[in-house]
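In what follows, a structure is listed as C-alpha cells, so that the remarks can point back to it.
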2 protein chains.
Amino acid sequence: MEEKEEKKISAVVIRRLPRYYRYLGELVENDVQRISSKELSEKMKVTASQIRQDLNNFGGFGQQGYGYNVKYLYDKIGKILGVDEPHNMIVVGAGNIGRAICNYSDFSKRGFVIKGLFDNNPEVAGKEVAGVKVYNSEGIAQFIKDNNIEIVALTLPKVAAKEVANIVVEAGIKAIWNFAPVDLNLPKDVIVENVHLSESLMRLSYAIANQEKH
Amino acid sequence: MEEKEEKKISAVVIRRLPRYYRYLGELVENDVQRISSKELSEKMKVTASQIRQDLNNFGGFGQQGYGYNVKYLYDKIGKILGVDEPHNMIVVGAGNIGRAICNYSDFSKRGFVIKGLFDNNPEVAGKEVAGVKVYNSEGIAQFIKDNNIEIVALTLPKVAAKEVANIVVEAGIKAIWNFAPVDLNLPKDVIVENVHLSESLMRLSYAIANQEKH
DNA sequence: TAGATTGTTAATCGATTAACAATC
DNA sequence: TAGATTGTTAATCGATTAACAATC
C-alpha cells in the first residue's frame with residue numbers, strides 16, 4: 001500500500017514488450033524522431049489501441065497531438081525490461097546451443113555478460129569459446145558467489161538440467177534460462193524462462209498439417 | 001460447409017498441445033496405462049477443466065468414469081501435431097545454432113529429417129555436421145524441389161534471413177522456422193514460427209527487475 | 001448398481017478493441 | 001486556434017474456470 005503502482009502487469013503484455021523494443025530500436029537506428037501509435041501499429045501489425053494500452057501500464061510516455069518520442073520510449077522500455085544495466089550470467093553445457101549463446105554478440109550488446117561456460121567433459125575445460133572461458137562443472141556454486149552471477153542458462157540434457165538447476169538455486173540463483181525439454185520444479189521465487197525448441201517445431205508441424213483448412 | 005469440424009482452434013490451445021504431448025510421452029515411457037484429467041492437471045499444474053476443454057476441441061478422447069488411455073491419447077495428439085509422419089527440412093546457416101539443430105537428435109526422433117545444411121561460406125561446403133551434408137547456398141531452390149523439403153530453418157543474421165526467406169518461398173516452401181531477430185513479411189499462406197532468443201532473455205531480465213515486487 | 005470422471009454448458013474472468021474527452 | 005493523437009473509459013470478445021448431467 002506504500003507505492004501507488006501495485007497493479008500486476010499481465011504476462012501477455014510483458015511478452016509483447018521486447019518486440020516493441022526491437023521495432024523502436026530499428027527506428028532509433030534510422031534516426032526517426034517521433035512515431036504515433038497508429039504508424040507503429042501499421043508497421044507491427046497490431047492495433048494502435050493495444051499499443052497505447054500496453055504502454056500505459058507503465059506510464060504516459062506519449063504526448064497528445066504528437067505521438068511518442070522514439071528515443072525516449074526506447075530507453076523507457078529498455079529500463080522496464082531491465083536491459084539498461086548489465087546482468088552477469090553463466091552457461092552450463094558446452095554443446096552447440098551453449099556455444100551458440102556464447103557466440104551470439106547481440107546478448108552482450110544488451111548487457112548480458114557471459115562470465116563462464118561450464119561443462120562436465122574434462123576435454124573442454126580450460127579452453128575458450130568466443131572469449132568465454134570453459135570451466136569444469138564442479139566449481140559452479142563457488143563461481144556464482146564469487147562473480148555476482150544473476151542468470152544461469154541451462155543447455156544440457158533434461159536429467160542433468162534438473163540436477164544443475166538444484167545446485168545453482170542452492171547457490172542463490174533466482175533466474176534460469178532453461179533450454180532442456182523439461183519443466184523445472186523450483187521454489188516459486190526462482191524465475192524460469194523456458195526455450196523449448198521441440199515444442200516450437202511441433203507448433204510449426206501442426207500448422208503445416210492444418211493449413212489446407214484455411 | 002462440407003465438413004462438420006470448421007471451428008478454428010485458438011492459438012493458445014495449440015501452444016499447449018506440445019506440452020501435453022511431452023507429459024503423455026513420459027507417462028508412456030513409464031508404462032502408465034490410464035490417467036484422469038485431475039491427475040494430469042496436478043502433474044502439469046493447470047486445471048483439469050482446461051485439459052478437458054482443450055482436448056475436446058479435437059474430439060472425445062476419454063471415457064466417463066475411467067479417464068484417458070495414455071497411449072491412445074499420446075498417439076492422437078501426435079497425429080494432431082503432425083508428428084505421426086516425417087517432415088523433410090533443411091537448415092540455412094551453419095553457425096552454432098544451425099549446427100545445434102543438426103545435432104539435436106530429438107527432432108529426428110519426432111520425424112523431422114534434416115536433409116541438408118546450407119551456408120555461403122565456401123570453407124564449410126562439402127563437410128558434414130552430425131551426418132548432415134553441408135552445401136553451398138546457391139543450390140537451395142533446386143534442392144528444395146528435388147528433395148521434397150517442407151520446412152526451412154533460418155539460422156542466419158537478419159538481413160540474410162530475409163533474403164533467403166524470399167528465395168525459399170519462391171521455391172514453394174510454406175513453413176519457415178525463423179531464428180533471426182526479425183519479422184519476416186511473407187505471403188499469408190506461408191507459416192512462420194519464430195524463435196526469438198533475445199526476446200526470451202529480455203522477458204527473464206524483466207522478471208528479475210520486477211521480482212522484488214512479489 | 002454405485003462411483004468415478006468425462007463432455008459440455010454456464011458463469012466468470014481477463015484481454016482486446018472501440019470510442020472519445022482531454023490536451024498538446 | 002484547429003488538428004492530431006494520446007490516455008482512459010466503456011463495449012466487445014475470447015479464454016478460463018466451475019458446475020453438473022451424461023455415461024462408462
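Chain letters run A, B, ... following the sequence lines, proteins first, then strands; residues in each count from 1. Scope of the values below: all heavy atoms of this structure, side chains included, with no hydrogens, waters or symmetry mates.
Scanning for side-chain contact (heavy atoms from CB on, under 4.5 Å) contacts around B:Asn147 gives B:Phe143, B:Ile149, with sequence neighbours left out. The side-chain hydrogen bond (donor to acceptor under 3.5 Å, both in side chains) search around B:Asn69 returns none, not counting sequence neighbours. Shown here are the side-chain hydrogen bond (donor to acceptor under 3.5 Å, both in side chains) partners of B:Glu170, two or more places apart in sequence or in another chain: there are none. Applying the salt bridge (charged side-chain N to carboxylate O under 4.0 Å, His left out) criterion to A:Lys188, with sequence neighbours excluded, gives no partner residue. Legend: residues meeting side-chain hydrogen bond (donor to acceptor under 3.5 Å, both in side chains) with B:Asn30, ordered by chain and number and at least two apart, are absent. Every residue meeting the side-chain hydrogen bond (donor to acceptor under 3.5 Å, both in side chains) condition with A:Asp54, not counting sequence neighbours, appears here in chain and number order: A:Arg16, A:Tyr20.
One finds no salt bridge joining A:Glu26 and A:Lys43 here, because no Lys/Arg side-chain nitrogen approaches an Asp/Glu carboxylate oxygen to under 4.0 Å.
Taking every heavy atom of residues 15-29 of chain B and every atom of DNA chain C, no pair lies under 4.0 Å. For DNA chain D, the residues of residues 30-52 of chain A within the heavy-atom distance limit of 4.0 Å (strictly under) are A:Arg34, A:Ser36, A:Ser37, A:Arg52, sorted by number.
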Give the intermediate values and the outcome of side chain to side chain donor-acceptor pair (under 3.5 Å) for residues B:Lys115 and B:Asn148. CA-CA 10 Å; B:Lys115 292 288 189 178; B:Asn148 211 2; over 6 Å; no
Should A:Arg110 and A:Asp106 be marked as a salt bridge (charged side-chain N to carboxylate O under 4.0 Å, His left out) after you check the CA-CA gap, both sets of side-chain angles, and the distance that decides it? CA-CA 6 Å; A:Arg110 293 280 145 74; A:Asp106 274 28; 5.6 Å; no
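Here chain B contacts DNA chain D (any atom closer than 4.0 Å to a heavy atom, that is under 4.0 Å), and the contacts span D:dA15 to D:dC24 from 5' to 3'.
In DNA chain D, runs of at least 3 consecutive Watson-Crick or G-U pairs, each pair with both distances below 3.5 Å, span C:3-24 with D:3-24.
Comparing A:Gln64 and A:Gln53 along DNA chain C, the residue whose closest nucleotide (by nearest heavy atom) sits nearer the 5' end is A:Gln53.
For the side-chain hydrogen bond (donor to acceptor under 3.5 Å, both in side chains) condition, the pairs that include at least one residue of residues 80-89 of chain A, sequence neighbours left out, are A:His87-A:Glu150. Contacts classified as side-chain hydrogen bond (donor to acceptor under 3.5 Å, both in side chains) and involving residues 174-184 of chain A (residues at least two apart or in different chains) are given here: A:Lys174-A:Asp189, A:Trp177-B:Ser200, A:Asn178-A:Asn194, A:Asp183-B:Arg19, A:Asp183-B:Arg22, A:Asp183-B:Tyr23.
What you find for B:Ala161 and B:Ala180 is that their closest heavy atoms are CB-CB, 3.5 Å.
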